[in-house]
2 protein chains.
Amino acid sequence: MNAITFENLERELKNKKINLSHQRLKILEYLIENQTHPTVDQIYTDLQIDMPTLSKTTVYNTLKLLVKADLVKVITIEDNEARYDINIENHGHIKCESCGTIYDFNIDTDSLISSDLEDFKIDEKSVYFKGICPRCR
Amino acid sequence: MNAITFENLERELKNKKINLSHQRLKILEYLIENQTHPTVDQIYTDLQIDMPTLSKTTVYNTLKLLVKADLVKVITIEDNEARYDINIENHGHIKCESCGTIYDFNIDTDSLISSDLEDFKIDEKSVYFKGICPRCR
DNA sequence: TATAATAATTGTAACAATTACAAAAGTGTA
DNA sequence: TACACTTTTGTAATTGTTACAATTATTATA
């Protein structure tokens with residue numbers, strides 16, 4: 001896996017013929033700098049301070065584009081809001097039910113297998129835990 | 001783990017001081033007979049045929065109650081709708097991105113561990129895959 | 001059994017996340 | 001510059017879910 005740098009992402013985007021508008025750049029920048037699995041609303045609210053004309057639709061559009069291009073993953077650990085992660089490497093997520101924080105943890109999702117799935121084509125594997133984080137215990 | 005029978009569920013509910021109204025019984029019955037990970041809307045639409053006065057709010061209320069009582073699990077494999085599963089045994093879910101079906105598969109989620117989580121209290125473990133099912137390939 | 005207290009259900013309204021869509025603005029190329 | 005094409009914007013619509021108060025049902029008690 002490649003490190004998350006602008007250079008790598010830019011190359012990927014060029015490969016996939018996605019051109020980097022000002023808004024898209026800012027959203028990507030935000031995801032790289034804030035690897036806290038933000039919601040659309042968090043991304044919009046924070047970016048909107050410096051870009052007053054930014055539309056929430058643009059945030060939705062861009063994220064959908066990045067997800068389709070496999071540069072971003074959606075985390076559906078909670079049923080009421082999607083969260084976005086620019087770190088598409090093999091890892092798990094645990095949500096603290098006390099403070100709401102979603103933490104990354106190391107787990108080799110590739111090695112998860114089941115004989116029941118021999119005839120399936122598997123495209124994506126997600127591991128979600130819930131519990132209480134050390135700070136909240 | 002106990003098998004999913006009315007008798008076992010009834011005992012569990014009595015233990016937890018949840019009384020079985022007509023509506024709750026019907027919803028439980030539905031979940032036992034339709035282990036297809038239905039949405040609230042599917043449950044409501046199907047039950048409403050025989051119970052014309054059933055309210056969707058009741059379906060929501062009952063499911064919330066059953067989840068809190070650990071008799072039902074929410075599946076958040078998709079970000080836009082919650083699905084419900086009366087089978088709370090250790091297993092994974094895979095969604096076919098072509099036909100939308102969510103299949104169960106055997107996997108020992110209990111054995112999933114990560115050294116990063118030593119200081120966490122872990123309450124729930126979910127494994128979600130996406131791909132293409134044998135029928136759709 | 002009658003009655004009071006409590007719990008559950010219903011239906012509507014409110015809410016929040018997301019999508020649809022058309023107009024406006026921006027970009028690249030001949 | 002002119003034209004085609006892409007992207008953004010803002011609003012409206014849609015969808016899943018929750019809040020809430022009135023009604024109905026159930027349970028406990030005298």
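This structure is a prediction, so every number in the text was calculated from the model and none was measured.
Not a single side-chain hydrogen bond (donor to acceptor under 3.5 Å, both in side chains) links B:K125 to another residue, sequence neighbours left out. Under the side-chain hydrogen bond (donor to acceptor under 3.5 Å, both in side chains) criterion, B:T109 pairs with B:N90, not counting sequence neighbours. Among residues two or more places apart in sequence or in another chain, the side chain to side chain contact (heavy atoms under 4.5 Å, CB included) test is passed with B:D46 by B:Y30. For B:D123, the side-chain hydrogen bond (donor to acceptor under 3.5 Å, both in side chains) test picks out B:K121, with sequence neighbours left out. Taking B:K56 as the reference, B:V40, B:D41, B:Y44, B:Y60 meet the side chain to side chain contact (heavy atoms under 4.5 Å, CB included) condition, with sequence neighbours excluded. The side chain to side chain contact (heavy atoms under 4.5 Å, CB included) check on A:I18 picks up A:L13, A:K16, A:R24, A:L65, A:A69, with sequence neighbours excluded. Applying the side chain to side chain contact (heavy atoms under 4.5 Å, CB included) criterion to B:D104, with sequence neighbours excluded, gives B:H37, B:D85, B:N87, B:H91, B:H93. Not counting sequence neighbours, B:D50 has no partner by the side-chain hydrogen bond (donor to acceptor under 3.5 Å, both in side chains) test.
Nucleotides of DNA chain C with any atom under 4.0 Å from a heavy atom of chain A span, from 5' to 3', C:dA17 to C:dC21.
Applying the 6.0 Å contact sphere to NZ of A:K26 captures no more than 12 heavy atoms from other residues, nucleotides or ligands. The environment of CD1 in A:I113 is sparse: at most 12 heavy-atom neighbours from other residues, nucleotides or ligands sit within 6.0 Å.
For the pair B:N19 and D:dT26, the criterion of a side-chain N or O lying under 4.0 Å from OP1 or OP2 is not met.
Within residues 49-75 of chain A, the residues that have a heavy atom under 4.0 Å from DNA chain D are, in order of number, A:T53, A:L54, A:S55, A:T57, A:T58, A:N61. Shown for residues 21-33 of chain B: no residue has heavy atoms falling under 4.0 angstrom of DNA chain D.
The distance from atom CG of A:L20 to atom P of D:dT6 is 16 Å, rounded to the nearest whole Å. Residue B:Y84 contributes atom OH, which lies 12 Å from atom P of D:dG16 at whole-angstrom precision. Computed from coordinates, the B:R83 CZ to D:dT17 P distance equals 11 Å when rounded to whole Å. If you take CD of A:E81 and P of D:dT17, they are 13 Å apart, rounded to a whole angstrom.
Here ring-ring contact (aromatic ring centres under 6.0 Å, His included) pairs that include residues 114-137 of chain B, with residues two or more places apart or in two chains, are A:Y103-B:F120, A:Y128-B:Y128, B:F105-B:F129.
At the heavy-atom level, A:D41 lies nowhere under 4.0 Å from the strands shown.
Residue-to-nucleotide proximity on DNA chain C shows that, of B:D79 and B:K17, the 5′-proximal contact is made by B:K17.
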